[in-house]
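The figures that follow rest on heavy atoms only: side chains count, while hydrogens, waters and symmetry mates do not.
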Amino acid sequence: MGSAVGLGNIWKFPALTGANGGAGFLLIYLLATLLVGLPVMIAELTLGRHARANPIRALRMLAPPGQPWWLVGVIGMLAAFLIMAFYSEVVAWVFVYVWKSLEGSALSSDPAVTEAAFAAMVGNPWVSLVSQWLVLLLIGGILVKGVAGGIEAVTKRLMPLLFLLLAGLCVFSLTLDEAAAGLAFLFKPDFSKVDAAVVLTAVGLAFFKMSIGMGTMMTYGSYFRSEQNIPLTAGRVMVADLAVSLLAGIAIFPAVFTFGFEPTAGPSLVFITLPAVFAQLPFGQGLMLVFFILTSIAAIGAMLSLLEVPVLVLTERLGLPRPLAIGVCVLAVAVPGAGCALSGSVLAGVRVAGLTFFDLMDFVSSNLLLPVGGILIALFAGYVWGRAAFTRAVSNGGTLRNEGLAVVVLVLLRYVSPLLIGVVMLNGLGII
Ligand code: PFF
C-alpha cells in the first residue's frame, strides 16, 4: 500500500480524469483495475515471494533455460527510471507547496491567484531543479541509512490521517454551490469523449497507480511472509488505492466547478484547486500545510519503492555496495529528471510528438512500458510458470483454500489481460 498509494492517487488520477472527460474515463479505469490490474498484481506478488529475488533474477530462475523472460525485469528497470524522472519533480512541487502553505502564499479561492502561484513555480528553472535535487538526496539518504522500513512504518500510521483529511475535504466540497456539477462530471458517464487513446491512458493509469508491470510488486513480494494471503492483500491494496483516488476526486471536482477552474487543467489541477478549497475553511492555512505534508510522506513511500528496484538489481547482480548503488541510481535519475524539471521553463519549447520532456517520460512509461510489462508478466505467470505452480503458490502450498480463486485469476492472466491490453495498446497507438 505504501508503494501503491501516492501521487498517482492525489495528483495523477484527478488530472487525467479531468483531462479525459470524467466519468467515462473513470469507468474504464475501474474495469482495467479489476480485470487487469488485480490479477497482474497477484501474479507479481506471488512470483516475487516464490523466487525471493529481484525481478530479473526471479524471472531467470523460474523460466525454462534459454528463454529471455528476465528482459521483462530490464524493461521494468527502465520504466522505474522514466517514472522517477517526472515523479521526483511532482514530489518537489509538493515540497514547494509545504513551503507555500507556511507562507500562506497560494491560499486563495481566486483561480487567477492559485494558477499564477503554480505557473510561477514550474516556470522558475532554479526552484524546479533545486527542489528536485533535494527530493532525490532525501530519498537516496533514506535508503543509504537503511531507514526505509522506519519511514514505511510512519507512512502506515499517517496514511489513515491523510484518508481522514481527504474525507473531511470531501464533506466540505459537497457543500459547495456547484457540488452537483462536480459529482455529475465524476460519476455520470459521457462516452462521447472516450476514444482509443483515452482507453489506453486509463489502462496505463491503473498500472501506474497499482505500481505494477515493472517488477516493483515482485520486489515487494520477495519480502512477504510465506503465510501471507496474497489475493487478500492485493484486494485490500486495490480497494485502498481506489478509495484514496475517489476521495481526491470528490474533494476536487466540486471545487473545480464552483470556483471556475478548468477540469482539463491537467498536472496543475490539485495544486490550483485545493488551495481554493482550503481558503474557504477555518484554519485553512494549517489544514493545507498538514495536507501537503501528508501527501509528501505518501509520495516518499512510493518513491522509495521505485528506487529500490534498480538498487536491488545493482547490488545483487553487479555486487555493488548498497550506498554506491544508491548513488549511481540517484545520479541516473537526476539526468532525465532535469529534463522534466525544466519542461515548464527553459525546455518548454522542446517537444517530441507534441509532448514536453515531462509528458514524454510519463507517456512512454505509463502507456507503453507498464502495459507491455503487464502483458508479459501475465503471459509468464499464466503459461510459462503454469497452472500447478501458480495455484500452489497462491494457496501457500495448500494451507489456504485459494484454488478456486487461482483458476479465476489464471483465466484473467491467460486470456483476458493480454488480449485486452494488447488490443487497447495497438488501438491507442493508432496501429489498428
Ligand atoms: N503507485 C504510485 C502512485 O500511485 O503514486 C506510483 C508508482 C510507485 C508507480 C512505484 C510505480 C512504482 F513502481
Side-chain angles (χ1 to χ4, degrees), residues 6-20 78-100 106 114-139 197 200-201 204-205 208-209 214 261-275 292 295-296 299-300 302-303 306-307 329-370 429:
L7 294 175
N9 307 62
I10 290 162
W11 161 74
K12 204 175 202 226
F13 170 79
L16 288 183
T17 306
N20 291 294
L78 182 64
F81 278 107
L82 301 195
I83 292 177
M84 280 189 283
F86 71 89
Y87 203 84
S88 56
E89 183 55 23
V90 187
V91 185
W93 296 345
V94 176
F95 280 19
V96 172
Y97 267 70
V98 169
W99 179 252
K100 282 188 191 292
T114 60
E115 279 164 8
F118 183 80
M121 174 184 70
V122 294
N124 184 326
W126 285 111
V127 169
S128 308
L129 261 186
V130 173
S131 53
Q132 184 185 45
W133 290 338
L134 287 178
V135 169
L136 290 175
L137 280 179
L138 177 74
I139 306 289
L200 177 59
T201 306
L205 177 67
F208 182 88
K209 280 190 359 77
M214 52 179 283
F261 290 100
E262 280 301 323
T264 50
S268 60
L269 195 65
V270 174
F271 296 96
I272 58 179
T273 54
L274 282 187
F292 280 109
T295 301
S296 60
I300 288 171
M303 253 316 266
L306 277 162
L307 199 57
C329 289
V330 164
L331 281 178
V333 175
V335 178
C340 295
L342 300 177
S343 277
S345 51
V346 287
L347 296 183
V350 179
R351 292 182 182 240
V352 179
L355 300 175
T356 62
F357 195 72
F358 183 106
D359 292 336
L360 185 69
M361 295 293 107
D362 186 359
F363 182 85
V364 172
S365 53
S366 302
N367 293 12
L368 302 182
L369 297 180
L370 297 188
L429 297 173

Phe81 vs Met361, test: side-chain contact (heavy atoms from CB on, under 4.5 Å). Steps then yes/no.
CA-CA 9 Å; Phe81 278 107; Met361 295 293 107; over 6 Å; no
Using every non-hydrogen atom in the two residues, find where Ala299 and Leu7 come nearest and quote the distance to one decimal.
CB-CG, 3.6 Å
List the residues meeting side-chain contact (heavy atoms from CB on, under 4.5 Å) with [X], not counting sequence neighbours, and say none if there are none.
X      : answer
Leu369 : Ile75, Leu78, Ala79, Leu82, Val364
Ser128 : Glu89, Ala341
Leu429 : Leu200, Phe363, Leu368, Met425, Ile431
Pro275 : Tyr97, Thr114, Met288

Glu262 side chain to Gly18 backbone, donor-acceptor under 3.5 Å:
no
Could you walk me through whether Ile300 and Phe95 pass the side-chain contact (heavy atoms from CB on, under 4.5 Å) check?
CA-CA 11 Å; Ile300 288 171; Phe95 280 19; 4.1 Å; yes
Results of side-chain hydrogen bond (donor to acceptor under 3.5 Å, both in side chains) for [X] - residues two or more places apart only:
X      : answer
Asp362 : Lys12, Ser366
Ser296 : none
Asp359 : Thr356
Trp99  : Glu103

Heavy atoms, side chains only, cut-off 4.5 Å: are Leu136 and Met84 in contact?
no
Please collect all side chain to side chain donor-acceptor pair (under 3.5 Å) contacts where either partner lies in residues 330-353, sequence neighbours excluded, each pair once.
none
Straight-line distance of Asn124 CG to Leu129 CG, nearest 0.5 Å:
9.5 Å
Matching residue for Val270 among Ile10, Val94, Thr295, Val90 - test: side-chain contact (heavy atoms from CB on, under 4.5 Å):
Ile10
List the residues meeting ring pair (Phe, Tyr, Trp, His ring centres under 6.0 Å) with Phe358, not counting sequence neighbours, and say none if there are none.
Phe86, Trp93
